[in-house]
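Input: a single structure, listed below in structure tokens.
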Amino acid sequence: MTDTPDTPNAPYLTAVRESYDTVADAYVARVKTPAELDPLSRATLTAFAELVRATGRGPVADLGCGPGRVTAHLAELGVSAFGVDLSPEMIRHAQEAYPDLRFTVGSMTALKIGNAELGGILAFYSTHHTPPEWLPTVFSEFHRTLAPGGHLMMAGYVGNDERLRPTRAYGGRPVSYESYLLPADRIADLLGRAGLVVTTRVIQEPDEGMTRRIATFLARKPE
């Protein structure tokens, strides 16, 4: 059978799922907590939470939530938040660490969320493993599940059409996923094509401890 965008076992999704299941323990031990993020990232998350609270249109889905730390941070900021991740092992870590929050296994390509159910979506360093040809599907899911007036925050590394193929990560564990670093302008254009209005774009140039540019987008679904 040919894989289609709503097929949860598409090859790249399988690679991402298996890789993060493999590195989950090492990832949890090495990745920064929200309190350890740079000041701009923390400020943008706070601004996003304030925007969502102001609209009052529904909960926030933290897509690609990993071990749930940022999901829990949003809850601390007064947002009703839940997490979705492709990796069952990541979800296990999240459920154990934050038993009062909801975490489920799922794919951004075919969210098990109804139309217009969400007041916000957070995609925090979670879309870079998506092949460029699949991004329209993912962004269409963002648009479908957001309520009119709902907000999206998306952050991640950007580049000049770079395709990275690491074989090991997070303490030397084997991985088979790939990463795609696209220009920020193209990402903004794809969000617009999906029907989302980009309201803010922040580019962070490489600095001490950073090797790549980071782009953060705030976008809104028109009412």
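Just so we're clear, the structure is a prediction, and the values are computed from it rather than from any experiment. Side chains are part of it too, since the values below use all heavy atoms of this structure and drop only hydrogens, waters and symmetry mates.
- Put simply, the side chain of Lys221 gets close to the backbone of His143: a donor and an acceptor are under 3.5 Å apart.
- Of all non-hydrogen atoms in Arg57 and Gly150, the two that sit nearest each other are CD-N, 4.1 Å.
- Of the candidates Glu89, Arg92, Gln95, Met90, Pro67 forms a side chain to side chain contact (heavy atoms under 4.5 Å, CB included) with just one, namely Met90.
- Contact between Ala15 and Ser19 at its shortest, heavy atoms only, is O-OG, 2.7 Å.
- Within the 3.5 Å criterion, the main-chain N or O of Thr109 finds no donor-acceptor partner in the side chain of Thr137.
- Annotation: the span from Glu18 atom CD to Ser87 atom OG amounts to 10.5 Å, rounded to 0.5 Å.
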Asp189 and Arg193: CA distance, side-chain angles, deciding distance, salt bridge (charged side-chain N to carboxylate O under 4.0 Å, His left out) verdict
CA-CA 6 Å; Asp189 179 65; Arg193 290 173 182 268; 2.7 Å; yes

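- More than 12 heavy atoms of other residues, nucleotides or ligands shown are found within 6.0 angstrom of CD on Glu162.
- Side chain of Thr199 to main chain of Leu218: a donor-acceptor pair is present (N/O by atom type, distance under 3.5 Å, no hydrogens or angles).
- The shortest non-hydrogen separation linking Pro174 to Thr22 is O-CG2, 3.7 Å.
- The CG atom of Leu146 sits 9.5 Å away from the CD1 atom of Ile113 when rounded to the nearest 0.5 Å.
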Can you check salt bridge (charged side-chain N to carboxylate O under 4.0 Å, His left out) on Arg173 and Asp21, steps first, answer last?
CA-CA 10 Å; Arg173 308 289 176 86; Asp21 278 350; over 6 Å; no

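- Nearest heavy atoms, Met154 versus Ile187: CE-CG2, 3.2 Å.
- Taken to the nearest 0.5 Å, the OH atom of Tyr98 stands 12.0 Å off from the NE2 atom of His93.
- We find the CG-CD1 distance between Leu181 and Ile214 to be 11.0 Å, quoted to the nearest 0.5 Å.
- Shortest non-hydrogen contact noted between Leu111 and Arg144 is O-NH2, 3.1 Å.
- Using modelled atom types, no side-chain atom of Ser179 and backbone atom of His128 make a donor-acceptor pair closer than 3.5 Å.
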Step-by-step side chain to side chain contact (heavy atoms under 4.5 Å, CB included) determination, Leu196 to Phe142:
CA-CA 9 Å; Leu196 299 166; Phe142 291 176; 4.2 Å; yes

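- Under the 4.5 Å side-chain heavy-atom criterion for Ile, Leu, Val, Met, Phe, Trp and Tyr, Leu13 and Met108 are members of distinct hydrophobic clusters.
- Aromatic ring centres of Phe124 and His73: separated by at least 6.0 Å.
- A donor-acceptor pair is defined here as one N or O able to donate and one able to accept, closer than 3.5 Å; such a pair exists between the side chain of His129 and the backbone of Glu178.
- Under a cutoff of 6.0 Å and an axis angle of 45°, Arg102 and Phe82 form a cation-pi pair.
- Closest of all the heavy-atom pairs between Leu101 and Ala72 is CD1-CA, 3.7 Å.
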I would like to know whether Val138 and Leu63 meet side chain to side chain contact (heavy atoms under 4.5 Å, CB included); could you show each step before the answer?
CA-CA 11 Å; Val138 170; Leu63 302 180; over 6 Å; no

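- Between Tyr170 and Tyr20, the ring planes are tilted. Angles from 30° to 60° get that label.
- Remark: the backbone N or O of Val158 is not paired with any side-chain donor or acceptor of Arg213 at under 3.5 angstrom.
- For Arg69 (side chain) and Val31 (main-chain N/O), a donor-acceptor pair under 3.5 Å exists by modelled atom type.
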